[in-house]
Each structure stands twice: as structure tokens, then as C-alpha cells.
Amino acid sequence: MPAPISGLLDRATRTMREFSLAQRTLAVIGVAVLVLGAVALSAWLTKPSMAPLFANLSASDASSIVDELDSQGVTYQLTDGGSTILVPADKVYALRLSAAAAGLPAASDGGGYSLLDSMGMTSSEFQQQVTYQRAIEGELAKTIGALKGVTTATVHLALPEKSVFVSETSDPTASVFVETAPGASLTADQVQSIVHLVSAGIEGMKPSDVAVIDADGHVLSAVGGDAGTVLQGNQVSDYESRVTSGVQSMLDAVLGPGNAVVSVTAELDFDQTARTTETYSASDPTLPPINSATTVEDYTGTGQTVGGVLGVDGSVTDTGTTTGDGAGTYHKESATVNNPLNKVTEQQTTAPGTVKRQSVSVIVSDALSGVDMTALQESIAAAAGIDATRGDVVSVAQMPFDTTTATKAQEALAAADEQAKAERTTELIKTGAIAGVVLVSLVLLIILGRRRGRRDDRESIDLGDLELLEAAKAEALQAAGEARALPAPVVADSKRDDVLAMAAEQPAEVAEVLRGWLTAGRS
């Protein structure tokens, strides 16, 4: 370390030693504040200015855009509950172009009533009308897109222009484009819900003025068509299916599964009628009349000549005869009496969907014997709700069934079960074989490991070295004066066989003895 730096550190250390505990604490706090301030200032100076990349995003679009930014390694911030994404200001335009190239955002295009927020006060009437129409289209598209199975929805409105100089205007129409998720399709109820949703959201629009088209180009609802046709067809199908299921369940419980086939055809009345009936009846005769009027005419006078001959100058030449005695009377009397009456007004509305007529056909297998067809027909009529007054028909017949397809299906199912059992057996055998091989391998590895451990514990013995060792030991004994007690040749010859036998029987003990001899010889 350079001398100036070391001297500075020494002086700082001596100065710190002279401080009291409180002074040291304040010094440490001051140094920490300075360091933190420097770090915060550096972070603030190096922090880039952020600008909105997209706003008013849906959750799915925000997630997709965030994944795209993560893949590019771009820093970002989420605000407004995750609906607004902020990125460095110098990268906004480049990131918008890259997001547009990736098809993002897919759903949040800023439509709906949010378009009205950016409308200026200097906008023309045409711009206001177009923007308002776009806003309604966007809101309807968002609402339709929230339906289950719908991924994208687009609504186009054709609204007639309102004018005081036009006495008759055309009705507004709408077209709806719907794209569903892969493998999903819109049901008739969903199509009708879309039709009524759009028609109810536009003033003066009828459900028959809404067209719905899917991504495959199929017309789900056409303009000018009957909006309830699809629903009526579904109601007929549901009614037929319900009756068929009820009758079939009863026959399966009585005759056994597969012994009867039921077919129901129904005709429903979808006409809605309203009827008003007024009934009058005389009330209690003891009650006074509501009102009454009496008219009386009387006349009294002399008799007059009846008849005569009219002359040339217009005078009567022949006065004829005189009736009566010269005096006459006239009397006329009439009365009008309004008696009280009972009045009953009845309004009856017939709801659409009632059954006009239905027919039930049942075929029973002739393999069944002892079946009372009359009782069976009565039971079927009761279960299906047959009404003979409206022309309902029930037909029950016993015929042979063609069981070829059923037999083939049964055989195919049996073959499939056998194949599945064989595959399961094969899998079990394979699994057992693999487990056996693994187990045998483990056992072999354990045995080999133990044998290798025993071999490592042993030391190799060379019998030739043993003979040389015995000879060297005998020579050493002879040199020490002990040759007379233990002759070397005799010891070597007599003990060689014993040593070999001991080495074969007890290799560990022999190795230990030899190790002791070698150790003693080295010492």
C-alpha cells in the first residue's frame, strides 16, 4: 500500500480511537447516510424516463406483451392495476412496432366508450356520429367476446341517418363476426343470445335484423330470417328426446336393455294467440232496473170523409162516405226498461310451444315371449302423454331384430378387451423382467464389491519369496550360533508343505504372520 494512503488510514484510526461511543455512533450513521444518498442519487440519475407503451389493456393482452418484453430483455413497469405498461421513452416506438408485428395487443384495441374520452371539442358532427357508432360497436364486441368459447368478436352497425325530411326510414341492421376457440362451437342458445344482445342495444333494431357469421363462413343467423326458428327446432328436439328417454327407460326396466326401440315424432304449436270473451247473463230479477223510459201519445178529434173523386179543376166532386159517428180518439204508450245484467270479460293468451300432435312408435324384439302387447301399448301411451282427441298415435309391434351389428360390436369389444389384457400382461412381464434384471445386477454388484473388498484386504504371497525368506532366516540363525538347534535345510524342507497348506486354508492368518515377520525384519 502506498505510504500516503497508509498514513491517512493510520491517522483516521487514531482519530476514531479518540472518539467517544456516541461520537463513533454518529460518525457511522453519517457515513451510512452519505453512502445511501450517493446510491439513491446514482440510481435516480441513471434511471431512464418511462413512457406508456399501451394503456387500457386486458389481462390477456398485458400478459402477452409482458412476455414479449421479457424475451427482449426490456425493463418495464405496470401501472393502473396492470392495464398500462411503461417502458423507456427512447424505446416506445420501436417496441410498439415489434408488438404490432407480433399481433399484440389482440383484444384491447382502445375501442368502446374510451374513444369518446379523446374526442375534441372542435370535432364535426360527422366525426362525433362516427366515433359514437365505433364506441357502441366496440362495447358490443367486448361483451360478446366475454361469452364462453368466443375469442374474438367484431360488430358492424348500419344505422340509418335521421332526418326531418324523410317520412319513412329503414330499420337499423347489424352484422356480427365471431371467432371461437379451437374445438369450440356456438350453440343455438348462444347465437340467439348474441342476436338479442345486439338488437336490444340498438334503438329500433329487431332480432331479425342481426346477422351472425362465424370464422368458418357459416351463417348462424341471417337478416330477415325468423329469429326463433332455431330455438323452435331445439325445443322440438328436446321434447322428442325427453319423451323417448322416458319411454325407453321404462321399456328397458320391463323388457330388458336392447329388447325395444322407441321413436317419437312431435309437432309443437308455436303460434301465440290471445282471446277476449265477454259473457252476459241476467242478474237477480228482484233488483231494480238500471233505467226505464215510458212514452204515451193520446189524440181526440171528429170524423173525416174517407175517399172522393178528384175533378178537373182539382176539387172533389164526390165526397164519398163518412166513417164513424164523427168523433175519434188515439192512444199510444211505449216503455223502455234496462234491467241489470252480469258481464264477464275473459282474456286468454295461449303460450307457444304446446303439443299439437305426436306419434310414438315402439318395436319389441320377437325373441321375447309372453309379452302382453295390449297392456304394453297402454303403458306406453300413459308414459308418453298420448291424447287421442288431438290425433296422437301409438304403434307397438313385435319384430325380429338385426343383431349382426351388435354381435360384431360385441366381438370387437371382446377382442379389444383381450388385446388390452394381453398388452397389460406384456407390460407386467416387461416390468417384471426389467425389475428382475435390475435386482440381479444389484446382487451381482454387491457380491463383486464384497469379493473385491476381500481381495483388497489380502496381500499377494509369492512362495518363492517365502523360500528365500526361510533360507535367509536360517542363515541368520546359524550366524547367531543357533544352527545346531534348527538346521536350515531341515526346517525349510519340513515346514514348506505346512506353510503352503496353511496359506491355502487360512490366507488371512498367514498374511498377518508374514506381515509381522517383515515388520520385525525391517526394525
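- Of the possible polar contacts, one joining the Gln358 side chain to the Ala384 backbone as a donor-acceptor pair under 3.5 Å is found.
- Between Leu78 and Thr84, every side-chain heavy-atom pair lies at or beyond the 4.5 Å cut-off.
- The backbone N or O of Ser124 sits less than 3.5 Å from a side-chain atom of Gln127, completing a donor-acceptor pair.
- Taken to the nearest 0.5 Å, the CD atom of Gln190 stands 8.0 Å off from the OG atom of Ser185.
- Looking at Leu268 and Thr354, their side chains never come closer than 4.5 Å, going by heavy atoms from C-beta outward.
- With contacts defined as side-chain heavy-atom distances shorter than 4.5 Å, the pair Asn259/Val364 does not qualify.
- Using a 4.5 Å heavy-atom threshold, the side chains of Ile380 and Leu251 count as touching.
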task = Please step through side-chain hydrogen bond (donor to acceptor under 3.5 Å, both in side chains) for the pair Thr187 and Asp189, ending with a clear verdict.
result = CA-CA 5 Å; Thr187 61; Asp189 294 337; 5.1 Å; no
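- The shortest non-hydrogen separation linking Arg357 to Val393 is NH2-CG2, 3.6 Å.
- A 4.5 Å side-chain heavy-atom check between Leu220 and Val176 finds every atom pair outside the cut-off.
- Side-chain contact check for Ile213 versus Val178: every heavy-atom pair is 4.5 Å or farther apart.
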task = Begin with the C-alpha distance, continue with both residues' side-chain angles, and end with the deciding distance and a verdict on side-chain contact (heavy atoms from CB on, under 4.5 Å) for Glu423 and Thr425.
result = CA-CA 5 Å; Glu423 291 178 355; Thr425 304; over 6 Å; no
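- How far CZ of Phe54 is from CG of Leu95: 8.5 Å, rounded to the nearest 0.5 Å.
- Looking at Asp392, its side chain never comes within 3.5 Å of a backbone N or O of Ser359 through a donor-acceptor pair.
- Of the charged side-chain nitrogens involved, at least one lies within less than 4.0 Å of a carboxylate oxygen, so that Glu267 and Lys356 count as a salt-bridged pair.
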key: Residue pair Glu137, Gln133: steps toward the side-chain contact (heavy atoms from CB on, under 4.5 Å) verdict   = CA-CA 6 Å; Glu137 292 174 352; Gln133 182 173 337; 3.4 Å; yes
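- Shortest non-hydrogen contact noted between Ile363 and Met399 is CG2-CB, 4.0 Å.
- Considering CD of Gln410 and NZ of Lys408, their distance stands at 14.5 Å, rounded to 0.5 Å.
- Between the side chain of Gln398 and the main chain of Ser365, a donor-acceptor pair closer than 3.5 Å is present.
- Considering all non-hydrogen atoms of both residues, Leu197 and Leu140 come closest at O-CD2, 4.4 Å.
- Residues Ile85 and Val66 have side chains in contact (heavy-atom distance under 4.5 Å, counting atoms from C-beta outward).
- Across all their heavy atoms, Pro172 and Asp209 have their closest contact at O-CB, 3.5 Å.
- Between the side chain of Glu333 and the main chain of Glu297, no donor-acceptor pair closer than 3.5 Å is present.
- Checked by atom type and distance alone, the side chain of Glu179 never pairs as donor or acceptor with a backbone atom of Thr154 at under 3.5 Å.
- In this structure, Ser245 contributes its side chain and Ser241 its backbone to no donor-acceptor pair below 3.5 Å.
- Scanning all heavy atoms of the two residues, the minimum distance from Val337 to Ser292 falls at CG2-CB, 3.8 Å.
- A donor-acceptor contact shorter than 3.5 Å links the side chain of Asp402 to the backbone of Thr404.
- Using modelled atom types, one side-chain atom of Gln248 and one backbone atom of Ala260 make a donor-acceptor pair closer than 3.5 Å.
- How far NE2 of His218 is from CG of Leu186: 12.5 Å, rounded to the nearest 0.5 Å.
- Using a 4.5 Å heavy-atom threshold, the side chains of Val150 and Lys148 count as separate.
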task = List the steps, then state whether side-chain contact (heavy atoms from CB on, under 4.5 Å) holds for Ile65 with Leu53.
result = CA-CA 10 Å; Ile65 294 174; Leu53 179 63; 4.2 Å; yes
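- Screening residues 66-75 for side-chain hydrogen bond (donor to acceptor under 3.5 Å, both in side chains) gives Glu68-Gln72, Asp70-Tyr76 as the qualifying pairs, with residues at least two apart or on separate chains.
- With rounding to the nearest 0.5 Å, the separation of CD in Glu418 from CD in Glu411 is 12.5 Å.
- Considering every non-hydrogen atom in both Gln347 and Thr276, the closest pair reads CG-OG1, 3.7 Å.
- Here the straight-line distance linking atom CD of Glu139 with atom CD1 of Ile144 works out to 11.5 Å at 0.5 Å rounding.
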message = Go through it in stages, so that I can follow the logic: the residues are Arg390 and Val355, the test is side-chain contact (heavy atoms from CB on, under 4.5 Å), and I'd like the CA-CA distance, side-chain angles, deciding distance and then a yes or no.
response = CA-CA 9 Å; Arg390 64 187 180 195; Val355 180; 3.8 Å; yes
